[in-house]
Amino acid sequence: MPALVVAALGFVSLRQWARSSELLFEVQARDMAAMAAEKADLMLRGAEDEILRRVRTTVAGGADAAALDALVAATPLVKRLFLIDRGGRTIYPGDRRPGDADVLAALGGAAVGTLWEHGGRRQLLAGDHAVLASVVDGPGDTRVLAAILCSEEVLRREVFEATFKGLGASTVVAVLDHRDRPVYSRGSLDGARPMLSVPLRAGPPQWRVALYQPAGSSARASVRRQLALFTVALGGLVVVIAAAAVVTYRLTRREAEAAQLKADFVANVSHDLKTPLSVIRMFAETLELGRVRDEGRRHEYFRVIARESERLSRLIDNVLNFSRVEAGRRTYELEPTAIEPLVRDTLDAFAYPLAQRGFKVEVSVAPALPEVPLDADAVGQALANLVDNAIKYSDERCTVRVDARLADGGLALSVSDEGIGIPGEEHARIFEKFYRVGRSDTQGRRGSGVGLALVRHVAEAHRGRVTVESEPGHGSRFTLWLPLT
Ligand code: ADP
């Protein structure tokens with residue numbers, strides 16, 4: 001739920017962010033265009049002022065055609081200069097070039113009339129070109145109309161280039177003429193997307209400063225890219241949260257299972273301690289009271305007490321060794337050991353319970369087995385745990401078979417029974433600490449669940465292994481394999 005809420009909130013705020021950043025981008029672009037137009041106006045007006053000042057000084061001095069030619073030649077921005085008197089006669093230049101007719105025709109219109117009366121300056125369209133017109137004083141009290149055809153090339157190079165030099169590079173700035181043709185552009189216009197334009201107040205009429213989005217870098221696209229990036233990151237976050245939830249759930253479940261197993265372990269061990277203790281106490285008290293007169297019975301009681309004490313010691317040894325293993329403190333001392341006495345001693349310890357439950361015991365130790373380097377106490381205890389289990393988990397068919405032979409270049413000690421057997425899917429788990437098939441009570445047999453864990457530890461400490469072959473109802477066969485060297 002929190003992950004979904006985070007995802008939803010994240011998505012909504014991302015969309016809002018995308019919208020507001022587009023808006024911000026537009027506002028910034030508008031500001032930038034206005035600023036660029038203002039700067040261009042200032043530069044254009046400055047250039048016009050300078051040209052008109054030069055024309056005025058030259059004309060006021062009564063200049064002849066040669067002086068005017070020199071002025072045009074010395075002012076690159078002036079492509080062509082015309083001087084026209086009040087009667088409409090062209091005083092300068094003497095020659096005619098293609099296009100001049102357009103200019104002269106434009107200067108005959110009413111637009112120029114106001115210039116004669118009120119002075120000032122005006123930008124006119126003559127054919128396809130812009131002409132700057134102004135009435136200036138000639139020698140004496142004559143006045144002439146000066147018309148200047150500006151060189152677009154020089155305008156581009158000297159005015160616009162200087163004006164837009166320091167502008168940011170994220171957008172393309174261009175100047176468009178009255179037919180929307182780019183006169184100047186800072187950066188390539190190929191594939192660029194027009195954003196907005198601001199008209200120029202100075203300079204040729206209907207010229208505009210326009211802003212373009214360079215190809216492949218629109219504001220929307222970059223916002224979208226960021227949006228996609230954030231969405232992926234957010235998705236990743238949600239996945240991580242979900243995965244963490246699953247992992248936490250599993251860990252918690254495992255912890256709960258482990259806690260349950262430990263609780264079972266404590267209950268089982270306590271019970272296993274109590275049973276032999278109460279038997280010992282009962283028989284000892286009976287003997288103490290001197291009520292048993294029959295020597296044979298008394299002997300029997302002593303054997304019970306001895307057997308139960310042995311069981312107690314085995315159980316306590318198991319628990320102590322297990323806690324040593326858990327603490328990493330269990331050490332093993334390997335010494336060359338004869339196998340047959342080891343097997344026999346182990347089985348002897350079980351002579352009474354085996355006999356009492358009528359077990360058929362088969363022992364087979366391969367002849368001429370070499371001495372094997374092992375920790376006799378540890379391996380004896382492992383073997384005892386296997387025999388104990390064989391007795392514990394047998395019902396009607398009471399047979400225990402212990403088999404020692406050489407196999408795979410090592411010693412194989414097998415303990416087989418014809419008891420209840422173990423389902424295949426449990427084979428791996430029965431060697432885990434505290435694990436008992438179907439938990440403890442379902443099988444009606446007490447146990448601590450650490451016996452096989454200890455067997456496996458002993459096997460691995462000897463660089464060997466323990467394996468199980470078993471089927472429910474068909475008995476089990478545990479094999480402890482230890483290397484010979
Ligand atoms: P426990 O103290 O419960 O016997 P172990 O670690 O010795 O603990 O054994 C783990 C589980 O493996 C037992 O609870 C039992 O279910 C199963 N098991 C072990 N040996 C045998 C066997 N010979 N036959 C059937 N089941 C066995």
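Start at 1 and go down the list; that is how both ligands and their atoms are numbered. Atom set for the values below is all heavy atoms of this structure, side chains included, hydrogens, waters and symmetry mates excluded.
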List the atom pairs, with distances to 0.1 Å, where a side-chain N or O of residues 350-357 and a protein N or O form a donor-acceptor pair under 3.5 Å, not counting sequence neighbours.
| residue | atom | partner | partner atom | Å |
| --- | --- | --- | --- | --- |
| Y352 | OH | E300 | OE2 | 3.0 |
| R357 | NH1 | I391 | O | 3.0 |
| R357 | NH2 | S394 | O | 2.9 |

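- Residues N268 and S448 bring no donor and acceptor atom of their side chains to less than 3.5 Å of each other.
- Using a 4.0 Å cut-off to heavy atoms of I430, the atoms of ligand 1 that qualify are 10 (C), 12 (O).
- Taking the six-membered ring for Trp and thresholds of 30 and 60 degrees, F230 and W17 have ring planes more than 60 degrees apart, a perpendicular arrangement.
- Geometrically, ligand 1 and G447 share no nitrogen or oxygen pair separated by less than 3.5 Å.
- Residue-environment remark: CZ (R30) stays at or below the threshold of 12 foreign heavy atoms within 6.0 Å.
- When non-hydrogen atoms are compared, ligand 1 lies under 4.0 Å from the backbone of Y435 (N, CA, C, O) but not from its side chain.
- In V437, the parts holding a heavy atom less than 4.0 Å from any atom of ligand 1 are both the side chain and the backbone.
- For ligand 1, none of its N or O atoms has an N or O atom of I420 under 3.5 Å away.
- Not a single N or O atom of I422, backbone or side chain, sits closer than 3.5 Å to an N or O atom of ligand 1.
- Only the side chain of K392 comes within 4.0 Å of ligand 1, judged by heavy-atom distances.
- Using a 4.0 Å cut-off to heavy atoms of L452, the atoms of ligand 1 that qualify are 5 (P), 6 (O), 7 (O), 9 (O), 10 (C), 12 (O), 19 (C).
- If you look at F434 and F322, their ring centroids are closer than 6.0 Å.
- Classification of R429 and E426 as a salt-bridged pair fails, no side-chain N sitting under 4.0 Å from a carboxylate O.
- Heavy atoms of L386 found under 4.0 angstrom from ligand 1: none, in either backbone or side chain.
- In this structure, G419 does not count as a contact residue of ligand 1, since none of its heavy atoms falls inside 4.0 Å of the ligand.
- Ring centroids of F283 and F302 are separated by 6.0 Å or more, keeping the two rings apart.
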Listing, residues 326-343 side-chain donor-acceptor contacts under 3.5 Å, not counting sequence neighbours, or none:
| residue | atom | partner | partner atom | Å |
| --- | --- | --- | --- | --- |
| E326 | OE1 | K433 | NZ | 2.9 |
| Y332 | OH | H457 | ND1 | 2.7 |
| T337 | OG1 | E335 | O | 2.6 |

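- Heavy atoms of F431 come nearer than 4.0 angstrom to ligand 1 in no pair at all.
- Taking every non-hydrogen atom of G451 and a distance limit under 4.0 Å, the qualifying atoms of ligand 1 come out as 5 (P), 6 (O), 7 (O).
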